[in-house]
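Everything on this sheet refers to the single structure shown next.
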There are 2 protein chains.
Amino acid sequence: MELSERKKQILKAVVEHYIASAEPVGSKTLAQELGVSSATIRNEFAELCDLGFLEQPHTSAGRVPSPQGYRLYVNELMERRNLTPQEAEGIDETLRGKLSGMGGVLSNAGQLVSSIVNYPAYSVKSGNVGLTVERFELIPVDATSFITVIMTGDKNVKSQLQHTALEFDAARLADLKNLLNTHFTGKSRAEMSAHLMNVSEQLTPELFLVLSRTVEYAAGILESAGRRDVETTGASRILTMPEYRDVDKAHELMTFLVDNKENLPVPEDGAPLQILIGPENVDEALRDTSVVIASYDIGDGMRGLVGVVGPTRMDYATVTARLSYFAESLTKMFGKGLPPPKEEK
Amino acid sequence: MELSERKKQILKAVVEHYIASAEPVGSKTLAQELGVSSATIRNEFAELCDLGFLEQPHTSAGRVPSPQGYRLYVNELMERRNLTPQEAEGIDETLRGKLSGMGGVLSNAGQLVSSIVNYPAYSVKSGNVGLTVERFELIPVDATSFITVIMTGDKNVKSQLQHTALEFDAARLADLKNLLNTHFTGKSRAEMSAHLMNVSEQLTPELFLVLSRTVEYAAGILESAGRRDVETTGASRILTMPEYRDVDKAHELMTFLVDNKENLPVPEDGAPLQILIGPENVDEALRDTSVVIASYDIGDGMRGLVGVVGPTRMDYATVTARLSYFAESLTKMFGKGLPPPKEEK
DNA sequence: CTTAGCACTCCTTTCCTATGAGTGCTAAAC
DNA sequence: GTTTAGCACTCATAGGAAAGGAGTGCTAAG
């Protein structure tokens with residue numbers, strides 16, 4: 001069933017007042033605003049309560065939006081405002097500063113978002129599970145050490161100095177490199193270690209040791225690339241919010257954000273922006289919080305993910321606007337950025 | 001002037017009770033413990049107050065150690081206990097787990113320490129300012145891209161895929177590599193950019209662009225290696241401590257730990273363990289906190305640094321014991337670790 | 001020098017009482 | 001039939017008084 005226009009207006013007003021003040025909204029406040037008497041508002045309040053859009057903290061208090069109320073607000077009532085030029089400029093500024101300053105925007109995405117929206121935030125590096133090594137290179141350094149360079153299928157390059165017990169002349173190194181490139185490229189971690197066993201008998205123990213070191217290094221790279229990494233930042237921002245004046249509540253959420261970050265919601269579908277309100281979160285610890293998640297394009301068809309966590313009384317309009325803008329900016333940056341930052345993390 | 005033995009005992013007892021309970025210690029408590037009457041204790045209390053080792057929150061409350069009291073406790077009174085086997089095992093366990101699991105123990109040092117001592121902690125990666133590039137390597141990938149490998153003076157290796165507008169055959173690449181190795185090794189960032197200007201005229205603009213990209217990449221590496229990095233972890237742990245039941249106080253410290261981490265104390269001298277108590281901290285924000293800092297040997301004569309932050313009522317005995325053990329373990333690990341972990345961060 | 005005794009301080013807790021914002025309901029007005 | 005004025009009622013919050021109690025400082029005796 002559809003709410004009357006006035007009910008919607010009232011709900012919208014309640015949500016917005018409550019977001020701004022964190023205090024239950026009374027009928028008088030809205031009476032002035034909507035040009036009807038407080039009694040009328042009260043009647044509407046009562047109905048909105050029955051319908052489950054509003055709640056009363058206690059009998060003689062004002063009204064507070066229920067999760068369902070927020071949901072309707074977010075879906076239909078909220079004005080999807082654009083950023084003010086100042087806001088946009090601020091975000092651009094933040095992005096520019098960090099982009100040139102540090103290697104990875106990606107690893108800082110959470111931090112950036114948190115400072116942009118002023119709520120705790122998290123960023124997810126989705127694991128690239130099918131990744132394999134595309135190429136091995138070995139560069140001689142001195143008699144007993146060489147540089148291992150590994151390029152993975154996603155064109156990332158990692159390298160490491162490797163000391164050995166063996167002496168390597170150019171020819172032996174070339175042999176080793178050949179061995180690596182013929183037998184250990186295009187293989188998963190499991191396949192690599194299986195293969196390592198296969199060749200173990202054809203090699204001297206010393207050479208085998210060197211080889212397995214290199215392969216382990218490669219496996220480590222694949223493993224870390226395959227791992228889904230979640231980083232949270234700005235958790236302490238909740239301490240400024242009235243809902244977390246209670247230290248225990250704050251502590252609970254903060255430890256969750258830090259220790260259980262893997263359980264933060266990561267929607268699988270590709271919606272550019274997703275909002276989870278209160279009990280819509282599966283995780284018990286997020287039942288009175290809302291999460292806004294945006295995804296952005298990293299290039300190579302890969303997607304990055306950033307989320308914002310806050311009380312259900314979150315400023316959805318601002319957060320969604322800013323987060324969308326941020327995600328779009330990032331997508332643009334990766335789209336046009338000539339060589340996408342292959343900088344090592 | 002030297003305190004009487006009994007005064008020391010009393011001070012010690014007060015400190016230890018207060019550390020355990022966070023509540024002012026009364027004369028009765030200690031009377032039982034020391035086998036004298038509460039009146040005697042009170043007399044001693046009064047004198048210890050006059051001498052500045054104890055304080056009274058208010059006239060009719062028990063006594064609390066003053067910073068000076070903690071200082072004496074730490075310097076003379078505290079029993080530098082050894083770890084219980086369980087504690088040692090726990091730390092070893094933590095170290096082992098993280099060591100094999102992740103690349104850098106270093107970057108996780110703060111986190112490890114925080115979990116070991118149960119206070120917020122930080123780790124400092126001291127900047128290597130005089131670092132230069134030791135060697136450039138370029139590995140052809142396809143016509144218009146190659147891998148840049150850079151080994152720095154400290155034997156760390158970083159690499160990146162570089163796309164160019166130019167076509168590079170093996171000979172040109174070798175030329176470029178030569179140019180890099182003859183003119184841009186052993187140079188500081190400033191010298192590198194100066195040199196870049198010098199050679200700019202002898203090259204085609206396209207080639208110059210490629211060269212400068214590579215040099216910029218190198219400069220970036222040196223810059224990040226030269227930067228002193230501080231990371232804090234476990235800040236939320238303060239929320240369990242009675243002194244931070246007050247959200248505003250907690251918030252103040254937490255934002256300091258996160259946003260001003262560069263201002264966390266980094267002693268220059270090489271003491272293996274240093275303790276800063278309350279007002280001994282220069283920074284205003286740390287005036288009611290204590291900081292315990294340990295340094296450990298990374299090899300190559302470099303030192304790592306980890307610090308623990310907590311209320312002045314910190315459990316110094318446990319923290320120092322565990323932190324020392326941790327630092328020693330790390331030193332040992334780096335000492336014997338055959339090739340010290342040159343893993344890229 | 002130690003200790004029992006005692007008056008005193010002052011924090012903490014508890015209980016009580018306004019206060020007041022806000023409600024639900026009824027009955028009149030539009 | 002919706003809107004509104006009026007009114008009794010609810011209940012969280014703030015303020016203040018009183019009680020309780022832990023701990024003190026001081027004095028005088030052991």
Side-chain angles (χ1 to χ4, degrees), chain A residues 1-11 13-18 20-66 69 242-243 245-246 249 313, chain B residues 2-11 13-18 20-66 69 242-243 245-247:
Chain A
M1 95 149 230
E2 187 68 6
L3 291 184
S4 75
E5 199 48 46
R6 193 171 64 184
K7 281 207 180 55
K8 286 186 185 173
Q9 265 188 33
I10 291 177
L11 178 57
V14 170
V15 171
E16 285 170 0
H17 269 92
Y18 188 61
S21 72
E23 311 232 302
V25 184
S27 54
K28 236 182 200 164
T29 322
L30 297 197
Q32 289 190 329
E33 211 154 295
L34 302 189
V36 286
S37 80
S38 63
T40 310
I41 302 280
R42 276 202 293 281
N43 289 334
E44 297 282 44
F45 270 6
E47 289 179 45
L48 282 166
C49 265
D50 290 345
L51 294 168
F53 293 104
L54 293 180
E55 284 171 356
Q56 256 178 316
H58 56 264
T59 330
S60 74
R63 296 311 205 285
V64 160
S66 70
E243 21 275 290
R245 294 303 301 180
D246 178 18
K249 237 179 137 185
R313 183 190 65 84
Chain B
E2 188 67 8
L3 291 184
S4 76
E5 199 48 48
R6 193 171 63 184
K7 282 207 179 56
K8 286 186 184 173
Q9 266 189 32
I10 292 176
L11 178 56
V14 171
V15 171
E16 285 171 358
H17 270 92
Y18 188 61
S21 73
E23 310 231 303
V25 184
S27 52
K28 233 179 200 166
T29 323
L30 297 197
Q32 290 190 329
E33 211 154 294
L34 301 188
V36 286
S37 80
S38 64
T40 310
I41 302 279
R42 276 202 294 282
N43 289 333
E44 297 282 44
F45 270 6
E47 289 179 46
L48 282 166
C49 265
D50 290 343
L51 294 168
F53 293 103
L54 292 181
E55 283 170 358
Q56 256 178 316
H58 56 265
T59 330
S60 75
R63 296 312 204 286
V64 160
S66 70
E243 21 275 289
R245 295 302 302 179
D246 177 17
V247 177

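Just the heavy atoms: all of them, side chains too, but no hydrogens, waters or symmetry mates, feed the values below. The model shown is predicted, which means the values in this text are computed figures rather than measured ones. Here is the naming used below: chain letters follow the sequence lines, and residue numbers restart at 1 for every chain.
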Quiz item: Is the distance from OP1 or OP2 of C/dG24 to the nearest side-chain N or O of A/R63 less than 4.0 Å?
Solution: yes
Quiz item: Under 4.0 Å between a side-chain N or O of B/S38 and OP1 or OP2 of D/dG23?
Solution: no
Quiz item: Ion pair present between B/R63 and B/E55, side-chain N to carboxylate O less than 4.0 angstrom?
Solution: no
Which nucleotide in [options] has an atom nearest any side-chain atom of [X]:
X: A/H58; options: C/dT23, D/dA12, D/dT4; value: D/dA12
X: B/S37; options: D/dT24, C/dT3, D/dA5; value: C/dT3
X: A/R42; options: C/dT23, C/dC6, D/dA12; value: C/dT23

Rounding to a whole Å, what distance do you find between [X]:[atom1] and [N]:[atom2]?
X: A/L30; N: C/dG22; atom1: CG; atom2: P; value: 10 Å
X: A/N43; N: D/dT4; atom1: CG; atom2: C1'; value: 9 Å
X: B/F45; N: D/dG25; atom1: CZ; atom2: P; value: 9 Å
X: A/I10; N: D/dT3; atom1: CD1; atom2: C1'; value: 13 Å
X: B/I41; N: D/dG25; atom1: CD1; atom2: P; value: 13 Å
X: B/E47; N: D/dC26; atom1: CD; atom2: P; value: 12 Å
X: B/E23; N: D/dG21; atom1: CD; atom2: P; value: 17 Å
X: A/Q56; N: C/dT23; atom1: CD; atom2: C1'; value: 7 Å

Quiz item: C/dT9 base to B/S60 side chain: any donor-acceptor pair below 3.5 Å?
Solution: yes
Quiz item: Just checking B/S27: base, sugar-phosphate only, or nothing, at a heavy-atom cut-off of under 4.0 Å?
Solution: sugar-phosphate
Quiz item: Which part of the nucleic acid, if any, lies within contact of A/T59, taking any heavy atom under 4.0 Å across all strands shown: a base, the sugar-phosphate backbone alone, or nothing?
Solution: sugar-phosphate
Quiz prompt | Test side-chain contact (heavy atoms from CB on, under 4.5 Å) applied to A/L30 and A/V36, A/I41, A/T40, the passing residue | solution = A/I41
Exercise. Go through A/V25 and A/L54 one step at a time and tell me if the side chain to side chain contact (heavy atoms under 4.5 Å, CB included) criterion holds.
Key: CA-CA 10 Å; A/V25 184; A/L54 293 180; over 6 Å; no
Practice problem: Report the residue (B/A39 or B/P57) whose heavy-atom-nearest nucleotide on DNA chain C is the more 5′ of the two. | Solution: B/A39
Quiz item: Quick check: are there more than 12 heavy atoms from other residues, nucleotides or ligands sitting under 6.0 Å from NZ of B/K8?
Solution: yes
Quiz item: Does the side chain to side chain contact (heavy atoms under 4.5 Å, CB included) test come out yes or no for A/E33 and A/H17, once each step is laid out?
Solution: CA-CA 11 Å; A/E33 211 154 295; A/H17 269 92; 2.9 Å; yes
